[in-house]
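See below for the structure under consideration.
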Amino acid sequence: MQASDRRDPVALVGRVEVGDRVALGRALSVVEEQGETAEAIEKLVLGRWPSLVIGITGAPGAGKSTLTDQLVAAFRSANVTVSVVAIDPTSPVSGGAILGDRVRMSQHASDPGVMVRSLATRGVAGGLATAVPGSLRVIGAAGFDVAIVETVGVGQIELDVAGICDCVVVVVNPGWGDEVQAVKAGVLEIADVFVVNKSDLPGAAQTESDLRAARSLSMHTSAGWDVPVIQTVATKSVGIAGLISAVDRHGEWLDLSGTRDLRRQQRSQFEFAARVRAAFAQMATERLGEPVVDRIVQQVSEGRLTVGDAVAQLLITD
Ligand SMILES: Nc1nc2c(ncn2[C@@H]2O[C@H](COP(=O)(O)OP(=O)(O)O)[C@@H](O)[C@H]2O)c(=O)[nH]1
Ligand SMILES: [Mg+2]
């Protein structure tokens, strides 16, 4: 990054807004790394957001990247610009999976209407909760219509993603029905759309009916959204139009039911809470040192200290 950009976020964001790709890459790096310049950029992109943010989550190997690639192609053929943010919490060092995604997306490499960004979570608690919305605001300022956030479903991460996306697509594979019981508490609840990808493999119909039976668990059911179940074969471009129309219908429901505004409010609250949490953790760690903080957390988890006393200890300055 050039020294001038650090001094002049206004110029940097100005270049992002007129479609300068190098500037966009730099602005995203600054926002991901956080700090003073990131805050300056955040002020300049305040309120910006892509018109549609789709979250794609599911187990490693489910076909999320292949599906994302197909969605990008479909959006591009409708002249819609797309940005992909791929989050990989599993390989912060080797970047193996991310590299695979990059290779796959390379068919769009020369297309100015497509931008792919990989984000390692670096194991920083709350880092993702700040970096992803920040990145999406910058991407919105760059004028992208749609953003797709791809993440591996391994726990807290996909809940974080659900908190910021307009539409959460949960990708499963045939045979997944056996696992429904085990994972229903997490992933099923956040799904806006289910995809049974690899439906060229045996058992797709069974998995679809298992999901249809389980979807009453979705947190949206009570609000009147029947989570659709779409079969796809991402490698053969099968079912992609159906998936896009499910996402569109979900968007219409968001508007008609008033849920879109609710979600945007929740998104702000979620981001705010995450930032407060991160700032508090950082403050306590800086003041007391990590071993002391760890010990306090340990005592809470062992039931030897109340949460209230733990917070009080973390807040005490002397
Ligand atoms: N048979 C079959 N294989 C698929 C399909 N979609 C993806 N794959 C393959 O599954 C593997 C994992 O795909 P990938 O998109 O990297 O999964 P991700 O880890 O969820 O991003 C790759 O070898 C894909 O070619 C599909 O619909 N059918
Ligand atoms: Mg992937």
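The figures that follow rest on heavy atoms only: side chains count, while hydrogens, waters and symmetry mates do not. Just follow the structure's listing: the first ligand is 1, and inside any ligand the first atom is 1.
A salt bridge does not link Arg263 to Asp166: none of the charged nitrogens lies less than 4.0 Å from a carboxylate oxygen.
Geometry about the Mg ion (ligand 2) gives an angle of 80° between OG of Ser65 and OE2 of Glu150, rounded in steps of 10 degrees.
Those atoms of ligand 1 with a heavy atom of Glu150 less than 4.0 angstrom away are 21 (O). If you number the atoms of ligand 1 from 1 as listed, the ones under 4.0 Å from a heavy atom of Ser65 come out as 15 (O), 18 (P), 21 (O). Listed by number with element, the atoms of ligand 1 under 4.0 Å from a non-hydrogen atom of Ala62 are 17 (O), 20 (O). Heavy-atom contacts of Asp200 reach the following atoms of ligand 1: 1 (N), 2 (C), 26 (C), 27 (O), 28 (N) (cutoff under 4.0 Å).
By the neighbour-count criterion of 12 heavy atoms within 6.0 Å, atom CD of Glu302 is densely surrounded, having more than that number from other residues, nucleotides or ligands.
The salt bridge (Lys or Arg N to Asp or Glu O under 4.0 Å) analysis of residues 288-298, with sequence neighbours excluded, yields no pairs. Screening residues 40-50 for salt bridge (Lys or Arg N to Asp or Glu O under 4.0 Å), with sequence neighbours left out, gives Glu17-Arg48, Glu42-Arg137.
Of the listed residues (Ala204, Gly63, Ala86), the one carrying the non-hydrogen atom nearest atom 17 (O) of ligand 1 is Gly63.
A side-chain donor-acceptor contact under 3.5 Å links Asp145 and Thr81.
No donor-acceptor pair closer than 3.5 Å links the side chain of Trp49 to the backbone N or O of Leu136.
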Check your understanding: Between Glu39 and Gln34, is a side-chain contact (heavy atoms from CB on, under 4.5 Å) present by the stated rule, with each step listed?
Key -> CA-CA 7 Å; Glu39 284 307 322; Gln34 294 163 40; over 6 Å; no

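Close N/O approach between Leu67 and ligand 1 is not found [any backbone or side-chain N/O within under 3.5 Å]. The N/O atoms of Val233, backbone and side chain alike, include none that comes under 3.5 Å of an N/O atom in ligand 1.
In the hydrophobic cluster analysis, where Ile, Leu, Val, Met, Phe, Trp and Tyr join through side-chain heavy atoms closer than 4.5 angstrom, Val229 is grouped apart from Val233.
At a threshold of 2.8 Å, the Mg ion (ligand 2) has no backbone or side-chain N, O or S atom of Thr68 nearer than that distance.
Both the backbone and the side chain of Thr66 come within 4.0 Å of ligand 1, judged by heavy-atom distances. Residue contacts with ligand 1 for Lys236 are absent, since no atom lies close enough (heavy atoms, distance under 4.0 Å).
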